[in-house]
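Written below as structure tokens is the structure these notes are about.
Residue numbers start from 1 in every chain, and the chains themselves are labelled A, B, ... in the order their sequence lines are given, proteins ahead of strands.
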Amino acid sequence: MRMTDKVLQNFNTSAFQNALIEWYHANKRDLPWRADQDPYKVWVSEIMLQQTKVDTVIPYFKQFISKYPTPRDLAYADQQEVLKTWEGLGYYSRARNLQHAIQEVVASYDGKVPDDPNELGSLKGIGPYTKGAILSIAYNQPQPAVDGNVMRVLSRVLKVDDDIAKTSARKKFETYAASLISHDDPSSFNQGMMELGALICTPKEPMCMFCPVQDYCRAFQEGVQQALPVKSKQKKQKVVPYTVLLIQNDKGHYVIEKRPADGLLANMWQFPMVPTVEIGNDHIEQWFHMEYGIDITKKVKKGNLKHVFTHLVWQLEIYEATTASTKVTDERLKIISRDELDEYPFPVSHQKMMKYLR
DNA sequence: AAGCCGGGGCG
DNA sequence: CGCCCAGGCTT
């Protein structure tokens, strides 16, 4: 007997489906991306919702769709403008991959989001979860869509103690989800699982008293819902110190720098950052001249700022500086007025410094 | 399989 | 401050 069969043995699948779907229809939140089933809008919402809370996504989704209502609008947009629209949402590769994939949809599929699992899944930024979400929600196909919510719900309902941080666990939960999914209403089933995870079957203190599938939940029956899911914790981030330079010239314009096209915060803009470990606080002006070809004078320290990423911590020491330059030769740099700062996409850490300038 | 890639909210 | 979280890509 296969492992999948053992876990699902004696499980009342159709009763579970009915209870979940009925609850979903009665309790689903009225969210902007649920106004219709436009595959493009479903896609945009699912990308934004990756690792991101609903409340955070709502205003971004509205602005994004009003700016780029159709795949073609997004495909032909300038990437810097797309990043500006994404500014503050984080994981900016999502925006770059989404636009890249949409361009492929326009070029290869006449602007229509493919409903073929292989075609859809091969698009940039669409992994197993997003593929299943789009196929089930927009095209009503019975495909599993296993995210963190679904793994949490299933780990409790089926009492599975696999470490959900591992890839192998996600694959296992996908086979369970594929077996459990309603073929009558795959969209409501998948969205119901995620809605249940968000509203009832929460990470801590799940509200089992209000749970529509309490009768079918093995963890609840045994009182172990608090101990599930099992998830190994990530290790601590590395702390990296930088000196940030808020450089102004005589006209009060600022020097800003475009980050590399790859890696952390790719193609975003920032106030120049000097890696303190490599350069040392005493050689910053020299180094800046060597690196960028302009002369600066470091002035007073304005403060410290700690910014935490998933696996990295920036320890920022912020200095005011001046330069006599009015133009730059280095391609990474620009000198712009304070008002023009609003036109460039900055990560949140640098937006905080910008706020401080006003 | 493990590392890389943001940000906000919570207690 | 540590902890949590609607993933996917690269190596």
Side-chain angles (χ1 to χ4, degrees), chain A residues 28-29 31-34 42-61 83 86-98 100-101 120-134 136-137 144-153 163-171 173-174 177 190-199 201-206 226 229-240 259-268 270 305-315 345-352:
Chain A
K28 67 175 174 183
R29 289 168 291 180
L31 302 171
W33 46 91
R34 287 179 176 163
V42 171
W43 184 357
V44 171
S45 73
E46 290 301 337
I47 299 296
M48 287 188 170
L49 286 164
Q50 286 169 11
Q51 308 296 96
T52 312
K53 299 272 189 277
V54 163
D55 290 342
T56 305
V57 168
I58 290 173
Y60 282 93
F61 177 81
L83 285 175
W86 207 272
E87 180 186 64
L89 199 50
Y91 285 122
Y92 300 95
S93 66
R94 295 185 295 177
R96 293 184 286 114
N97 289 341
L98 174 61
H100 185 271
L120 189 61
S122 67
L123 294 169
K124 201 135 185 112
I126 298 189
Y129 163 73
T130 307
K131 179 175 71 170
I134 294 171
S136 60
I137 296 171
V146 174
D147 66 351
N149 278 321
V150 174
M151 284 196 284
R152 185 169 60 255
V153 170
D163 181 355
I164 64 167
K166 303 221 177 269
T167 313
S168 57
R170 203 211 74 238
K171 288 182 177 172
F173 283 114
E174 264 172 9
N190 278 350
Q191 293 192 78
M193 291 286 283
M194 293 186 266
E195 199 80 341
L196 189 67
L199 300 181
C201 198
T202 49
K204 348 175 207 187
E205 306 291 340
Q226 298 270 23
V230 173
K231 186 177 185 183
S232 56
K233 24 186 161 260
Q234 60 181 47
K235 51 181 187 178
K236 281 192 175 177
Q237 305 99 322
K238 187 192 291 185
V239 178
V240 189
R259 294 181 59 87
D262 299 306
L264 183 67
L265 302 165
N267 286 344
M268 302 285 284
Q270 65 184 17
L305 182 63
K306 187 176 139 178
H307 192 80
V308 180
F309 299 93
T310 305
H311 61 286
L312 195 69
V313 178
W314 277 355
Q315 190 61 54
F346 284 84
V348 165
S349 50
H350 286 255
Q351 288 178 50
K352 287 176 182 168

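Checked against salt bridge (Lys or Arg N to Asp or Glu O under 4.0 Å), Glu174(A) has the following partners two or more places apart in sequence or in another chain: Arg170(A). Remark: Tyr129(A) pairs with no residue by the ring pair (Phe, Tyr, Trp, His ring centres under 6.0 Å) rule, at least two apart or across chains. Residues that satisfy the side-chain contact (heavy atoms from CB on, under 4.5 Å) test with Val313(A), not counting sequence neighbours, are Gln237(A), Val239(A), Lys306(A), Val308(A). Every residue two or more places apart in sequence or in another chain was checked for a ring pair (Phe, Tyr, Trp, His ring centres under 6.0 Å) with Tyr60(A), and none qualifies. For the side chain to side chain donor-acceptor pair (under 3.5 Å) test, no residue two or more places apart in sequence or in another chain qualifies with Tyr92(A). With sequence neighbours excluded, no residue forms a side chain to side chain donor-acceptor pair (under 3.5 Å) with Arg96(A). Applying the ring pair (Phe, Tyr, Trp, His ring centres under 6.0 Å) test to Trp314(A) and every residue at least two apart in sequence or in another chain returns Tyr242(A), Phe309(A).
The same atom, C1', is picked in dC4(C) and in dG6(B); the two are 14 Å apart, to the nearest Å. Across the P atoms, dC9(C) and dG8(B) are found 24 Å apart, a figure rounded to whole Å. Rounded to a whole angstrom, the distance from the P atom of dC4(B) to that of dA6(C) is 23 Å.
Within the nucleic acid shown, Arg96(A) has no heavy atom closer than 4.0 Å to any nucleic acid atom. Among the atoms of the strands shown, none is found under 4.0 Å from any heavy atom of Arg259(A). No contact: Gly197(A) has no heavy atom under 4.0 Å from any strand. Residue contacts for Thr130(A): at a heavy-atom cut-off of 4.0 Å it reaches the sugar-phosphate backbone alone, with no base atom in range. Nucleic acid contact for Ile126(A): sugar-phosphate only, since backbone atoms but no base atoms lie under 4.0 Å from a heavy atom of the residue. Counting non-hydrogen atoms under 4.0 angstrom, Lys235(A) reaches the backbone sugars and phosphates but no base. Using a 4.0 Å heavy-atom distance criterion, Ala266(A) is classed as making no nucleic acid contact.
Taking a heavy-atom distance under 4.0 Å as the criterion, the stretch of DNA chain C touched by chain A extends 5' to 3' from dC1(C) to dT10(C).
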Check your understanding: Can you list the steps and then say if Gln191(A) with Arg34(A) is a side-chain hydrogen bond (donor to acceptor under 3.5 Å, both in side chains)?
Key -> CA-CA 10 Å; Gln191(A) 293 192 78; Arg34(A) 287 179 176 163; 3.1 Å; yes
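Nearest-nucleotide positions on DNA chain C for Gly125(A) and Met194(A) put Met194(A) closer to the 5' end. Each of Thr167(A) and Ser93(A) lies near DNA chain B, and the nucleotide nearest Thr167(A) is the one positioned closer to the 5' end. Checking Gln50(A) against Lys166(A), the closest nucleotide of DNA chain B that is more toward the 5' end is the one next to Lys166(A). Of the two residues near DNA chain C, Asn97(A) and Val54(A), the one whose nearest nucleotide lies more 5' is Val54(A).
In terms of heavy atoms, Arg152(A) sits closest to Pro229(A) at CG-CD, 3.5 Å.
Using a 4.5 Å cut-off on side-chain heavy atoms (C-beta onward), Gln226(A) and Glu205(A) make contact.
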Shorter than 3.5 Å, N or O on both sides, protein versus nucleotides 7-11 of chain B: list them out with atom names.
from: dG7(B); atom 1: OP1; to: Tyr92(A); atom 2: OH; distance (Å): 2.6
from: dG7(B); atom 1: OP1; to: Val348(A); atom 2: N; distance (Å): 3.1
from: dG7(B); atom 1: OP2; to: His307(A); atom 2: NE2; distance (Å): 3.0
from: dG7(B); atom 1: O3'; to: Gly88(A); atom 2: O; distance (Å): 3.3

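At whole-Å resolution of the value, CE in Met48(A) and P in dG6(B) are 15 Å apart.
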